[in-house]
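Just so we're clear, the structure is a prediction, and the values are computed from it rather than from any experiment. Throughout, a chain's letter reflects where its sequence line sits, starting with A, and its residues are numbered from 1.
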Amino acid sequence: KQEVTQIPAALSVPEGENLVLNCSFTDSAIYNLQWFRQDPGKGLTSLLLIQSSQREQTSGRLNASLDKSSGRSTLYIAASQPGDSATYLCAVLSGTYKYIFGTGTRLKVLA
Amino acid sequence: SAVISQKPSRDICQRGTSLTIQCQVDSQVTMMFWYRQQPGQSLTLIATANQGSEATYESGFVIDKFPISRPNLTFSTLTVSNMSPEDSSIYLCSSGQGGETQYFGPGTRLLVL
């Protein structure tokens with residue numbers, strides 16, 4: 001059974017710092033992995049999608065890497081801003097084409 | 001990309017009643033999904049809704065409690081039946097297929113008293 005874990009559960013950093021969010025999964029047989037952002041009380045916004053054959057994806061200040069064999073993904077946020085404050089979720093697609101979500105990392109960027 | 005809307009955005013309901021949540025996608029999609037996010041928790045898949053067939057429910061979720069309709073390729077409804085306070089959650093629908101990006105609606109925030 002696929003399980004997805006995210007570390008840390010919460011993170012508070014001063015504006016301008018570079019930071020790394022971690023996601024680990026127990027079954028390496030995945031189709032893809034996505035990183036999402038969720039603002040309080042809101043739905044989810046997809047940030048980056050990495051296919052199983054890819055090693056990383058970049059969008060603006062965001063870079064996501066995937067090491068399928070070790071069951072790990074990282075989301076790197078460069079030069080963090082207060083507007084980056086949100087909960088970040090990773091989700092893996094495996095098995096029967098359904099996404100399994102991680103527990104999330106609550107990020108707060110202080111001005 | 002797909003734009004997904006949900007109605008209602010939030011509601012407060014009395015225990016024992018039912019609420020139907022609507023999900024509209026701006027393009028035709030094969031698969032739609034319904035998720036629940038309980039307070040402080042991550043998302044849990046309730047069921048997958050395909051047009052023209054019965055919804056497929058995940059372990060712990062049953063059709064009598066969460067009946068789903070999928071009348072066409074752009075619309076789906078989820079009903080939360082005979083509600084109790086434990087059903088207080090955010091309910092989200094999404095669309096996507098296989099390796100494509102999965103798009104999420106804004107969610108319906110439900111409080112059951």
Trainee: Who passes salt bridge (Lys or Arg N to Asp or Glu O under 4.0 Å) against B:R15, sequence neighbours left out?
Mentor: none
Trainee: Taking the side chain as every heavy atom from C-beta outward, state whether B:F33 and A:Y99 have any pair of such atoms under 4.5 Å apart.
Mentor: no
Trainee: To the nearest 0.5 Å, what is the distance between OG1 (A:T87) and CD (B:Q37)?
Mentor: 8.0 Å
Trainee: Quick one: do A:L62 and A:L107 end up in the same hydrophobic cluster if we chain Ile, Leu, Val, Met, Phe, Trp and Tyr together by side-chain heavy atoms under 4.5 Å apart?
Mentor: yes
Trainee: Could you tell me which portion of A:Q38 (side chain, backbone, both or neither) has an atom closer than 4.5 angstrom to a non-hydrogen atom of chain B?
Mentor: side chain
Trainee: Measure A:L89 against the heavy atoms of chain B and call it side chain, backbone, both or neither at under 4.5 Å.
Mentor: side chain
Trainee: If I measure from the heavy atoms of chain B, does A:S46 come under 4.5 Å with its side chain, its backbone, both, or neither?
Mentor: side chain
Trainee: If Ile, Leu, Val, Met, Phe, Trp and Tyr residues are connected whenever their side-chain heavy atoms lie under 4.5 Å apart, and connections chain through other members, are A:F101 and B:Y91 in the same group?
Mentor: no
Trainee: Assess whether atom CZ of A:R61 is packed by more than 12 heavy atoms of other residues, nucleotides or ligands within 6.0 Å.
Mentor: yes
Trainee: Which bit of B:Y35 is near chain A, if near means a heavy-atom gap under 4.5 Å: side chain, backbone, both or neither?
Mentor: side chain
Trainee: Taking atom CD of B:Q38 as the centre, does the number of heavy atoms from other residues, nucleotides or ligands within less than 6.0 Å exceed 12?
Mentor: yes
Trainee: Answer yes if A:F36 and B:M31 sit in the same cluster of Ile, Leu, Val, Met, Phe, Trp and Tyr residues linked by side chain heavy atoms under 4.5 Å apart, and no otherwise.
Mentor: yes
Trainee: Could you tell me which portion of B:Q6 (side chain, backbone, both or neither) has an atom closer than 4.5 angstrom to a non-hydrogen atom of chain A?
Mentor: neither
Trainee: Contact part of B:L43 toward chain A, heavy-atom cut-off under 4.5 Å: side chain, backbone, both or neither?
Mentor: both
Trainee: Could you please state which residues from residues 62-88 of chain B sit under 4.5 angstrom from chain A, measuring non-hydrogen atom to non-hydrogen atom, sorted by number, or 'none'?
Mentor: none
Trainee: Of the backbone (N, CA, C, O) and the side chain (C-beta and beyond), which part of B:Q41 lies under 4.5 Å from a heavy atom of chain A, both, or neither?
Mentor: neither
Trainee: If you draw a 6.0 Å radius around CZ in A:R37, do more than 12 non-hydrogen atoms from other residues or ligands fall strictly inside?
Mentor: yes
